[in-house]
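Down below is the structure, laid out as structure tokens.
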Amino acid sequence: IGTSFGAIMFTSVSSAMAHHRHGGVDWHVFRCVALGILVGTYCGSFVAARIPARYLQMFFVVFLYYVATNMLLNKKPSASRELPGFAGMTGAGAVIGAVSSLVGIGGGTLSVPFLVWHMDMRRAVGTSAAMGFPIAFAGCLGFVTNGWNNPELPQYAFGYLYLPALVGIVAISMLTAPIGAGIAHKLPVPKLKKFFACFLYVVATKMLIDVL
């Protein structure tokens, strides 16, 4: 999870800038949730670092099944509700960050469903991409802190951030991201959702089998 956050720091910046060029990021909303995200993710990393691996895996399995099912059902709440105030947005950011820290994600699977209640889908996706950086930064910092004195970590581990894996993931993702973006613009969104949902089901089922 710590290494995942490290990689997300790089990919989220690239994604957010791409959405920004198309006017798809609501920076006012980003500023409102950023503080909550930083606090929630950092604090959540301490919880994640102390939860037995088995329970963390089970949480991840349930989370993946939930996200995949929502994608297949294609739930689309109407963007008719008003955004909450600063305190409400900060609280929402804290919850999104805390849960994201448990499963090592950029928060899009949580922030997009929340934001789409208050804005159109494209701006929700773009704003969520920007929110990925503070989530990844705070999460990475938290896992580095929690794993700093762990004697069982392998060589080249920076706390719970494993540098060889980070370098490999970032290097390859920088090469493949443009390819994926091109495919995403050509394929219909419903088909992309179904492909991704099926992939999540496979990952969740494999992990569930390992845990049991």
Side-chain angles (χ1 to χ4, degrees), residues 1-20 25 30 33-34 37-61 63-64 67 93 96-112 125-184 196 199-200 202-204 206-207 210-211:
I1 294 178
T3 306
S4 172
F5 278 130
I8 292 171
M9 280 198 298
F10 292 89
T11 56
S12 63
V13 171
S14 176
S15 178
M17 290 300 98
H19 284 288
H20 174 70
V25 179
F30 171 82
V33 301
I37 284 175
L38 289 170
V39 174
T41 308
Y42 186 73
C43 293
S45 68
F46 283 80
V47 177
R50 287 159 177 76
I51 295 177
R54 181 183 180 88
Y55 295 112
L56 196 58
Q57 285 179 308
M58 287 302 301
F59 179 87
F60 196 27
V61 167
F63 178 79
L64 288 180
V67 172
I96 291 171
V99 176
S100 297
S101 68
L102 296 178
V103 294
I105 60 173
T109 49
L110 297 171
S111 55
V112 170
V125 172
T127 306
S128 173
M131 291 164 60
F133 180 79
I135 290 175
F137 175 79
C140 184
L141 180 62
F143 277 93
V144 168
T145 302
N146 279 279
W148 191 254
N149 295 317
N150 190 331
E152 299 180 0
L153 293 176
Q155 191 177 11
Y156 305 117
F158 193 62
Y160 286 125
L161 178 68
Y162 187 51
L163 297 180
L166 174 66
V167 172
I169 293 172
V170 171
I172 298 300
S173 65
M174 289 178 66
L175 295 175
T176 57
I179 300 174
I183 295 174
F196 188 61
F199 171 74
L200 292 182
V202 171
V203 174
K206 172 63 168 60
M207 187 171 289
D210 291 342
V211 172

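Not measured: the values here are computed from a predicted model.
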Requested in this report: Evaluate the criterion side chain to side chain contact (heavy atoms under 4.5 Å, CB included) for residue pair Ile96 and Val33; output intermediate values, then yes/no.
Outcome: CA-CA 9 Å; Ile96 291 171; Val33 301; over 6 Å; no
Query raised in the report: At their closest point, which heavy atom of Val25 faces which heavy atom of Ala130, and how far apart are they?
Result: CG1-CB, 3.9 Å
Report task. Can you run down the side chain to side chain donor-acceptor pair (under 3.5 Å) pairs that involve residues 135-144, sequence neighbours left out, and say none if there aren't any? Result -> none
**Report entry** From Ile37 atom CD1 to Ser111 atom OG, the distance as rounded to the nearest 0.5 Å
**Finding:** 7.0 Å
Query - Side-chain touch Tyr162/Pro154, heavy atoms, less than 4.5 angstrom - result: yes
Could you go through residues 132-150 and list every donor-acceptor pair under 3.5 Å that involves a side-chain atom there, pairing it with any protein atom two or more places apart or in another chain?
unit_1	atom_1	unit_2	atom_2	d
Thr145	OG1	Leu141	O	2.8
Asn146	OD1	Arg50	NH1	2.6
Asn146	ND2	Gly142	O	2.7
Asn150	OD1	Glu152	N	2.9
Asn150	ND2	Tyr160	OH	3.1

**Report entry** Donor-acceptor pair, side chain of Ser14 and main chain of Thr11, under 3.5 angstrom
**Finding:** no
Requested in this report: Measure the spacing between CG of Leu163 and CD of Gln155 and express it to the nearest 0.5 Å.
Outcome: 11.0 Å
Report task. Determine whether the aromatic ring centres of Phe46 and Tyr42 lie less than 6.0 Å apart. Result -> yes
Query raised in the report: Under 3.5 Å, side chain of Ser101 to main-chain N/O of Ala98, donor-acceptor pair present?
Result: yes
**Report entry** Exercise: identify the closest heavy-atom pair between Thr3 and Leu166
**Finding:** CG2-N, 3.8 Å
Query raised in the report: Taking atom NZ of Lys206 and atom CG of Leu64, what is their separation to the nearest 0.5 Å?
Result: 13.0 Å
Query raised in the report: Measuring from Ile1:CD1 to Ser100:OG, what's the distance to the nearest 0.5 Å?
Result: 10.5 Å
Query raised in the report: Looking at residues at least two apart in the chain, or sitting in another chain, which of them share a ring-ring contact (aromatic ring centres under 6.0 Å, His included) with Phe30?
Result: Trp27
Report summary line: Tightest non-hydrogen contact, residues Gly126 and His19, listed as CA-CG, 3.5 Å
Query raised in the report: Has Phe63 got more than 12 heavy atoms of other residues, nucleotides or ligands less than 6.0 Å from its CZ?
Result: yes
